[in-house]
Amino acid sequence: MRILIVEDDAHVAEWQRRVLSEAGYQSHVAFTGDAAQRMASSGDYDPAIIDLGLPDIAGVSLVEALRRDGHALPIIILSGRGADQAIVAALDAGADDFLTKPVPQSILLARVRAALRRGGATRSDESRLGDLMIDRVRHVVRSAGRELSLTPREYSLLDYLLLHRDALVTRGELLKRVWGLEFSPGTNVLEATMSR
């Protein structure tokens, strides 16, 4: 699962990215509304977590723009503004959920799981290939009915490969999409994970 984080505060964005990564999700951060729109147009994201106070555009305007452009991904607003009018405006603009900062990580993860159940980008909750099955909501992988114990990175790698099973996937693409690296680190981290 790929999650788009739209947050201008680097510390909050890093906290969200870390929490989501530890739970086995891939996430990408956009620090502006303009960057978020470009990223949403270029990749399949499941939920987006959007802050209302962005430097270049109001979060509500970003939600409206994403909906106007036909993006059906679930949108969770995570904002320091918890007034009723802010919540109503965000939900009326097309957001699916609203959380007020600070939010405990267990609540954030529960809301992400709920958003995924309601429907992410274009992916189903389950994917199968032969006797291999991935349950994307519960982060469970089964082979021949037996549950496999995978690290979050192994899970993300397997999920990405299964989603792109009919395409050639390059090493650079895997490093970027699974590890979030824009360059080859000169290590065999990919090969070691593939081997496991």
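Bear in mind the structure is a predicted one, so any value in this text is a computation, not a measurement.
Following chains of ILVMFWY side-chain contacts shorter than 4.5 Å, one cannot reach Met133 starting from Leu158, and the two form parts of different hydrophobic clusters.
Here the closest heavy-atom approach between residue Ala30 and residue Met39 is recorded as CB-SD, 3.6 Å. Of all the heavy atoms in Ala72 and Arg67, the pair that sits closest is C-NH1, 3.6 Å. Smallest separation of non-hydrogen atoms from Val63 and Ala93: CG1-O, 3.6 Å. Pro152 and Ser21 get closest at one heavy-atom pair: CB-O, 3.9 Å. Closest approach of Glu7 and Val29 over heavy atoms only: O-CG1, 4.3 Å.
The backbone N or O of Gly33 sits less than 3.5 Å from a side-chain atom of Asp56, completing a donor-acceptor pair. Side-chain atoms of Ser61 do not come within 3.5 Å of backbone N or O of Ile57 as any donor-acceptor pair. Here the side chain of Asp46 pairs no donor or acceptor atom with the backbone of Leu116 at under 3.5 angstrom. Using modelled atom types, one side-chain atom of Asp9 and one backbone atom of His11 make a donor-acceptor pair closer than 3.5 Å. Arg111 places no side-chain N or O within 3.5 Å of a backbone atom of Ala115 that could act as its donor or acceptor partner.
Taking the side chain as every heavy atom from C-beta outward, Ile49 and Ile77 never approach each other to under 4.5 Å. Under the 4.5 Å side-chain criterion, counting only non-hydrogen atoms from C-beta, Arg142 is not in contact with Leu148.
When the shell of 6.0 Å around CD of Gln85 is examined, it contains 12 or fewer heavy atoms from other residues, nucleotides or ligands. In the displayed structure, Asp84 atom CG is contacted under 6.0 Å by at most 12 heavy atoms of other residues, nucleotides or ligands. When the shell of 6.0 Å around CZ of Arg146 is examined, it contains 12 or fewer heavy atoms from other residues, nucleotides or ligands.
One distance of note links CG of Asp135 with CZ of Arg128; it measures 9.5 Å at 0.5 Å rounding. From Phe98, atom CZ reaches atom CD1 of Ile87 across 5.0 Å, with rounding to the nearest 0.5 Å. Atom CG of residue Leu20 and atom CG of residue Leu108 lie 5.5 Å apart, to the nearest 0.5 angstrom. The distance from the NZ atom of Lys101 to the CD atom of Gln16 is 7.0 Å, given to the nearest 0.5 Å. In this structure, CG on Leu157 lies 6.5 Å from OG1 on Thr193, to the nearest 0.5 angstrom.
Ionic pairing of Glu14 and Arg17 is present here: one or more N-O contacts between side-chain nitrogen and carboxylate oxygen are shorter than 4.0 angstrom.
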Gln37 and Leu62: CA distance, side-chain angles, deciding distance, side-chain contact (heavy atoms from CB on, under 4.5 Å) verdict: CA-CA 8 Å; Gln37 286 181 284; Leu62 174 60; 3.5 Å; yes
Step-by-step side-chain contact (heavy atoms from CB on, under 4.5 Å) determination, Gln105 to Trp15: CA-CA 9 Å; Gln105 75 180 49; Trp15 174 81; 3.8 Å; yes
Test log, rule ring-ring contact (aromatic ring centres under 6.0 Å, His included), inputs Tyr45 and His28: CA-CA 9 Å; Tyr45 288 95; His28 300 97; 5.7 Å; yes
Candidate pair Thr32 and Asp8, rule side-chain contact (heavy atoms from CB on, under 4.5 Å), full reasoning: CA-CA 6 Å; Thr32 65; Asp8 65 326; over 6 Å; no
Stepwise side-chain contact (heavy atoms from CB on, under 4.5 Å) test for Val178 and Gln26: CA-CA 7 Å; Val178 178; Gln26 290 180 13; 3.9 Å; yes
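Exactly one residue among Ile75, Val60, Ile5, Leu4 makes a side-chain contact (heavy atoms from CB on, under 4.5 Å) with Ile50. That residue is Ile75. No option in Ile3, Val112, Asp96 other than Val112 meets the side-chain contact (heavy atoms from CB on, under 4.5 Å) test with Ile76.
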